[in-house]
Protein chains: 2
Amino acid sequence: MKSARTTTAKTEIQELIISSSVALSHSEIQKSLEGLCDRVSIYRVLERLMEEGVIHKIVNVDGVVKNAWCHSCSAKHCHNHIHFSCQKCKVVTCLDNVEPSFKLPKNYKVSEMNFTLPGLCPQCS
Amino acid sequence: MKSARTTTAKTEIQELIISSSVALSHSEIQKSLEGLCDRVSIYRVLERLMEEGVIHKIVNVDGVVKNAWCHSCSAKHCHNHIHFSCQKCKVVTCLDNVEPSFKLPKNYKVSEMNFTLPGLCPQCS
DNA sequence: TAGTTAATGCAACATTGTTGCAAAAGTAAT
DNA sequence: ATTACTTTTGCAACAATGTTGCATTAACTA
């Protein structure tokens, strides 16, 4: 019966992501924490927050992995929304209300969606 | 006036990607070439093929970069199609005819699309 | 065929992410 | 508060992927 434990690192990282309006990369989190904990610990905390359904991962168009709070997953866990990736300020935002529609060929079974739109955000355009 | 040169490595890599029905990663290309050229040369050839508009890059949901032939870009260069990423056989396919529709909030200016659907392909489902 | 310069190979390095293990810290029972 | 148990952490080492500088090789041009 393993039970999760509340640690300083986990609390700080969770608050950081939840209070951020944009998705954060590992290196961005590391900079914000200023040596509060080890690189490896950040990876492990993010892993736990993923399992708990608190955050979700986004692979940006440049390959950088960003972590974002699941603020629309309270009822049921789903990530069928579009992510916007600003090419100027490099910020990745979850557009929670934008759900795309499309028609797939037969026999393709979709399990998730991973939609990212590069471009210019309202602040940069 | 710098002009591109036809080399064995470039010809081989280009033919490999064009003849493949699925997108190929750097390591997959390297294995196929069996020591024909250096790792670094593969990166540089891919860079040139990108600039020439022969191929395009796809960042898969697991972060692996795949390279695919632009076979629908002959007239105008666009990649507004969906990519399918099979979770079983790990193959990434361009679904050239599938163009999604969606409504963005105001002031967002989209320059590209990067849509990938993880799931099971016809062969694996 | 000789000269020019693009392309290559090699070494070194940076970044990102993973794993094993001993030490530290959180939790629950006494 | 102290103890015992187990999760979490820090550290070191490693792997994969991608980049850069520089000397050498090879493709094109005249």
Side-chain angles (χ1 to χ4, degrees), chain A residues 1-17 23-68 85 90 92 114 116 118, chain B residues 1-17 22-68 85 87 90 92 114 116 118:
Chain A
M1 55 191 90
K2 66 173 166 184
S3 55
R5 288 179 188 180
T6 308
T7 63
T8 316
K10 195 189 167 189
T11 309
E12 289 286 319
I13 293 171
Q14 184 164 337
E15 280 181 9
L16 191 63
I17 296 176
L24 300 172
S25 69
H26 176 275
S27 65
E28 287 163 345
I29 294 169
Q30 191 175 9
K31 274 170 203 149
S32 292
L33 295 179
E34 288 171 331
L36 175 85
C37 67
D38 195 70
R39 270 174 18 90
V40 182
S41 297
I42 300 176
Y43 282 114
R44 293 198 262 228
V45 167
L46 290 175
E47 200 176 35
R48 267 180 285 155
L49 291 174
M50 278 275 292
E51 284 166 8
E52 294 174 14
V54 178
I55 62 170
H56 65 281
K57 280 194 193 305
I58 307 154
V59 179
N60 201 357
V61 280
D62 55 5
V64 176
V65 175
K66 298 268 190 172
N67 302 275
S85 171
K90 304 294 173 191
V92 174
N114 206 284
T116 306
Chain B
M1 57 191 87
K2 66 172 165 183
S3 55
R5 289 178 188 179
T6 308
T7 63
T8 317
K10 194 188 168 190
T11 309
E12 289 286 320
I13 293 171
Q14 183 163 338
E15 280 181 9
L16 190 63
I17 296 176
V22 298
L24 300 172
S25 69
H26 176 275
S27 65
E28 287 163 344
I29 294 169
Q30 191 174 9
K31 274 170 204 149
S32 292
L33 295 179
E34 288 172 330
L36 175 85
C37 68
D38 195 72
R39 269 174 18 93
V40 181
S41 297
I42 300 176
Y43 282 115
R44 293 196 264 228
V45 167
L46 291 175
E47 199 175 36
R48 266 180 285 154
L49 291 175
M50 277 275 293
E51 284 167 9
E52 293 173 16
V54 178
I55 62 170
H56 65 282
K57 280 194 194 305
I58 307 155
V59 179
N60 201 357
V61 280
D62 56 3
V64 176
V65 175
K66 298 266 190 171
N67 302 275
S85 171
Q87 293 170 316
K90 303 294 173 193
V92 174
N114 206 285
T116 307

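Reckoned from all heavy atoms, side chains included, excluding hydrogens, waters and symmetry mates. First the proteins, then the strands, lettered A, B, ... as listed; each starts at 1.
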Visitor: Please list, chain by chain and in numerical order, all residues satisfying side-chain contact (heavy atoms from CB on, under 4.5 Å) with B/Gln14, sequence neighbours excluded.
Guide: B/Lys10, B/Ile18, B/Leu49, B/Val54
Visitor: Just report the end-to-end axis angle for the helix from C/dT1-D/dA30 to C/dT30-D/dA1, five pairs per end, to 10 degrees.
Guide: 30°
Visitor: Apply side-chain contact (heavy atoms from CB on, under 4.5 Å) to B/Val65 and list each qualifying residue two or more places apart in sequence or on a separate chain.
Guide: B/Lys57, B/Val59
Visitor: Might you point out which heavy atoms bring B/Ser32 and B/Leu16 nearest each other, and give the distance in Å?
Guide: CB-CD2, 3.6 Å
Visitor: When you check every protein heavy atom under 4.0 Å of nucleotides 23-30 of chain D, what one-letter string (B, S, -) results, 5' to 3'?
Guide: ---BBS--
Visitor: Which heavy atom in B/Leu46 sits nearest to a heavy atom in B/Ile17, and how many Å separate them?
Guide: CD2-CD1, 3.7 Å
Visitor: To the nearest angstrom, how far is A/Ile13 atom CD1 from D/dT9 atom C1'?
Guide: 11 Å
Visitor: Of all heavy-atom pairs between B/Ser85 and B/Thr116, which one has the smallest distance, and what is that distance?
Guide: CB-CG2, 3.8 Å
Visitor: Quick one: closest heavy-atom pair of A/Ile58 and A/Ala23, and the distance?
Guide: CD1-CB, 3.8 Å
Visitor: Calculate the interatomic distance between B/Asp62 atom CG and D/dA16 atom C1'; express it in whole Å.
Guide: 13 Å
Visitor: At under 4.0 Å between heavy atoms, which parts of nucleotides 9-18 of chain C does protein reach? Answer with one letter per nucleotide, 5' to 3': B base, S sugar-phosphate only, - none.
Guide: BBB----BBB
Visitor: Please give me the minimum heavy-atom distance between B/Ile13 and B/Ile42, naming the atom from each residue.
Guide: CD1-CA, 4.1 Å
Visitor: What integer distance in Å separates B/Asn60:CG from D/dT17:C1'?
Guide: 15 Å
Visitor: Could you walk me through whether B/Glu15 and B/Thr11 pass the side chain to side chain contact (heavy atoms under 4.5 Å, CB included) test, one step at a time?
Guide: CA-CA 6 Å; B/Glu15 280 181 9; B/Thr11 309; 3.8 Å; yes
Visitor: CG of B/Leu33 to OG1 of B/Thr8: how many Å apart, nearest 0.5 Å?
Guide: 11.0 Å
Visitor: Send over the distance from B/Lys10 NZ to C/dA7 P, rounded to a whole Å.
Guide: 7 Å
Visitor: If I take atom CG in residue A/Leu33 and atom P in nucleotide D/dT8, what distance separates them, rounded to the nearest angstrom?
Guide: 17 Å
Visitor: With sequence neighbours excluded, give me every salt bridge (Lys or Arg N to Asp or Glu O under 4.0 Å) pair touching residues 30-40 of chain B.
Guide: none
Visitor: Provide the closest heavy-atom pair for A/Ala4 versus A/Glu52 in the form atom of the first, atom of the second, distance.
Guide: CB-OE2, 4.1 Å
